[in-house]
Every structure is written in C-alpha cells, then in structure tokens.
Amino acid sequence: MSESSPPRTAPARTPLADAPQGGALLRSLTGLLARWLPGQRWFAGKGRPMGGLTLVAATELLPCTAQGTTPGLLHLLIRTRAEEGDPAQAPPSVDCYQVLLGVRPALPPALGPALVGRPTEGPLRGRAVYEALHDPRLAGLLLERLRTPGRIGALRFTPAPGASVPAGLPPRVLTGEQSNSSVVYGDAHILKLFRRVSPGVNPDLELPLALAEAGSDRVPAPAAWFEAHVQEPPPDGDRSPAERAPEPLTLGVLTPFLGGSVDGWQLALQSLGHRTDFTSASHSLGRATAEVHTALAGALPTDVLRRPQLEQTANGMVERLTEATAAVPALRPYGSGLRRAYEALGAFARRGGTCPVQRLHGDLHLGQVLLTPDPRGRGSHWSVIDFEGEPARPLTDRRRPGPPVRDVAGMLRSFDYAACQHRTGGPWVEEWSRANRAAYCRGYAEASGNDPLAQRELLLAYETDKAVYEVLYEARHRPAWLHVPMAAIRRLAQGAD
Ligand SMILES: Nc1ncnc2c1ncn2[C@@H]1O[C@H](COP(=O)(O)OP(=O)(O)O)[C@@H](O)[C@H]1O
Ligand SMILES: [Mg+2]
C-alpha cells in the first residue's frame, strides 16, 4: 500500500533523535510526559502506575532548538510500561503512544491550555512544550506533509492517488469523547490521529481503502495517511517474536469531512425525545450495513467456521460470562439463563451448522454511522466510519474475520441502549426499540439476502456476549449506566427476543 508511492523527499536528519541526543531528549521529556500522559482521555493505562517510558522514534518535523518565534514540531512514539504488580493478577502491559509536541521559547496565551510543561534539563531546557495539534501553524504543517508523498525520519506520508486535498485549510481540533484525536481542516477533511498504535496496518485505513477501491459509497475514502517505520516495533498483544516483522505502524488517516452530517446516536435520541418515527432511517441503516458487509466480503479474505471453531467461540463466551459474573455480582441470578444462549450455539455446531466469516466493522453502533443530507435532494445517505474495531483488543484480533451477525448484534444493542437511557421509559420507548431493531434487520436482509433473524443461535449468542461485555464496562467505568445492559441481560436470560 504505502510502497506504491516512492518517497520524493530524501530521509531527513532528525538531530534531536540521533544518539546520544535521543537519550538526552528523552531525559528532558520523561518527567513531563509521565505526568501528562495518564491525564489524557486516550491513555489506556489509567489506574495503573506508570513503570517507565522508552523512546521508540523521535522525528523533528520542524527544528525544535532554533531561536526566534517559529515553533518546533516534534513527533514521538513512546513506549510505556505499566508498573509490574503481581504477574498472576495482571501481566505487565506495554503500549506505544503517538505524541505530537510543539516547542516554543514562549507560549502565546491562546495556547496556554495546551502546555505539557517546561523541561528543566536536556536540549529543550526552559522551552514551552505543548500539544502541537492545538497550534494552527503546526496542525497546518501536518496537513502540508500529508499532501506531499515522502519520508521524514521514521515517518512516511502517502497521499491517495487521485485525491485532491487543498492547501492552507484552517484546522480545528475536535473536542468530543474520543479514544483518538481528530483535526477538522476547513470542514473539507478530517485527520484522525491514532494515539495507541501497534505494528501492522490499522483497519481504520485498511477497510475504508478496500471499500473505496471496491467502489462503495458507504465510507469516506482515505485521501492521505502516514505511518512510522521503526527498527524495533512495540509488541502487539498476542504475536510471537518470530511473527513480529517490522511492519509499519499506521499513525493517521485523512478523509473527506461529511459536512452537515449527524451521527445515528444523536438522531435516535432526537426521535425518542420528539416521539418521531425512526424506522425508515433504521431500515436504510440496515441496508447500508449489508452493503458494507457485501463489499468487504468481495474485497478481502473470507472463511467458514465449522464445529470446532464454533464450539471454541461458544466456550470463549462462557469464559467471558464467568469472568464478568465474578466481577459484577448483579449478573449472578442470570448466569444459567445466559449460558443457554451459548449452549444453543454449541448445539447448532454439533448439528453441523456452519457460519461464513469475513472482515467486519468490529465496533458497530449508532455513534459510528453518519447521516448526510443528499445534496441532490434525494433523501439522505448513511456512511459508516471508525473501522478500528474495539480499541482495547490487540490489532491481530481486530483484523481477524468474524461472522457478520456480530456487527448486527452490536447495532441491535445500540438501539436498545438509546431506548433504555431515555428518561421517560415506558411502553412507547420499548416499542421504539423493538420496531427499530426489526426495521434494521429487515433492511439488512433485503440488501444482503441474509436475514440476521434467521441466524437465531448466532445472533442471540453475540448479542448476549455484547451485553455481558457492556455490564462489565459500565460497572467499571459508568456505574450510573449499569441499568441499561442489565435490562437486556434480564430479557436475554429469559430467552426472549
Ligand atoms: N468523515 C467524517 N465526517 C464528519 N465527521 C466525522 C468524520 N469522521 C469522524 N467524524 C466525527 O468525529 C467523531 C469521531 O470519529 P471516530 O472515527 O469515530 O473516532 P474515535 O475512534 O475516536 O471514536 C465521529 O463521531 C464524528 O462525529
Ligand atoms: Mg468512534
């Protein structure tokens, strides 16, 4: 993919990263970053003390030690290690983060909130080090780099062939609850910077590229991306060292910005608030999901799960239920009822049932779909975004083919979430959820020829597995929301649909 465009820029020297300066640089930043990283929304190691920081790569995109008012721009890949406790309780976790730092002798007041700190030693001593994305000059420079194919230090920038990205678009950083960081350029493009990065292509680049090449209009086609080529990539979850060829790490993807679009979650809440119909939108969302699945199955490898793999899948679900029940006692009364869904999947496998698998979205819900008004006045159009999968899972796992009903189950849970968190509750809201779930499945069946409701054992098992995951997540992170998945748990444990 990235090999298709030869670098035009010669590899640039990155003096700060060169030994022995690299060590000095890290020394000057370690303390600051160790304090700053755990406070970031996208930092995954919350709650565990940081054991150490290592520099994987440092690239000066603009010189950082120059005098004058021109800011420096430093791109870092940092490996963090959580402090080791009892290895039997929690294995040491090593993560790699992407950080973009601006460097100035003095910080203008507007950039005050972006300050990371002022190093007291090393080559950046006394300078203001801050989050570069908030500096329009530096965010603008990143766009400029993405418009031009080439390498600088460890980084390689690749504009998509034929894509046109205008110069000089004004940047603004998105402030939502994100697990990554995004910058919108002039409402024309959006750059998503992955924060926790692993070796191997990120599915949020891989799948939209494959879909765009297949001619799908359900995804904004990547216009440019950048990646890092490092000598010693950080480990990725379950890979053995032998499998760890130095694959590039995907760092960011620029895509067209869908102006005027609203995400499905907001639309669903509006419908619930105003008591307006949502079923025709859900029906077309089912069609859109099916179109994405059909295009992915045509573009990327597929397989079929047979008895051993299906039994393994069911066993994995039982294990997750056992773990969740140990952590959340509220699940206990429903254990045997929930296990029936997994037993039914095992029985389906023993009867000779099989299941086609393919590349999936992996984390499909109403917040991952955008409805854009059609400029030709022919209604509106659903697009699907954020193909990264569940960020907490290792990349190899997220890139594994799975049954399409897994995505369908995710979206069905999302309808239920929207309805359950709606304050008024009551029969109308329950009917809203039932009707929209049905409309979504109908749309999916019409466009794909595969009715998810006809794959009852799989759908019920995946929906149950998802609801169990949600219980664990809410119990740990948002106890006030626990009642939402618990309502589904009660329904699923009774075997009701
Ligand atoms: N192409 C796009 N056009 C318009 N808005 C977008 C686009 N891509 C992302 N967004 C907005 O940015 C938000 C976060 O994007 P997403 O890719 O889902 O990031 P994250 O992985 O952090 O969830 C979305 O919910 C949406 O509001
Ligand atoms: Mg998202």
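Atoms within a ligand are numbered from 1 in the order they appear, just like the ligands themselves. In this chain, residues are counted from 1 in sequence order. Every value quoted in this text rests on a predicted model; they were computed, and no experiment measured them.
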Output for pair (H229 NE2, E247 CD), nearest 0.5 Å, gives 10.5 Å

Taking distance alone, with no angle check, do [X] and ligand 1 share an N/O pair under 3.5 Å?
X	result
D386	yes
K192	yes
S182	no
L174	no
P256	yes

Pair [X] + [Y]: basic N to acidic O under 4.0 Å:
X	Y	value
D416	R437	no
E463	K466	no
E144	R147	yes

Please state which part of [X] comes within less than 4.0 Å of ligand 1, counting heavy atoms only: side chain, backbone, both or neither.
X	value
S179	both
I190	side chain
I385	side chain

_Regarding S179, does it place an N, O or S atom less than 2.8 Å from the Mg ion (ligand 2)?_
no

>> Under 2.8 Å from the Mg ion (ligand 2) - does any N, O or S atom of E388 fall there?
In response: no

[X] and [Y]: aromatic ring centres closer than 6.0 Å?
X	Y	answer
Y444	H293	yes
Y473	H477	yes
H361	F387	yes

For [X], the ligand 1 atoms whose distance to one of its heavy atoms is below 4.0 Å:
X	answer
Q368	18 (O)
P220	1 (N)
E388	21 (O)

Among W42, F257, F194, closest by heavy atom to atom 4 (C) of ligand 1 is F257

Angle subtended at the Mg ion (ligand 2) by D386 OD2 and Q368 OE1, to the nearest 10 degrees, is 80°

Looking just at side-chain N and O atoms, do R104 and Y130 make a donor-acceptor pair shorter than 3.5 Å? yes

Between T372 and S261, the two heavy atoms sitting closest are OG1-CB, 3.6 Å

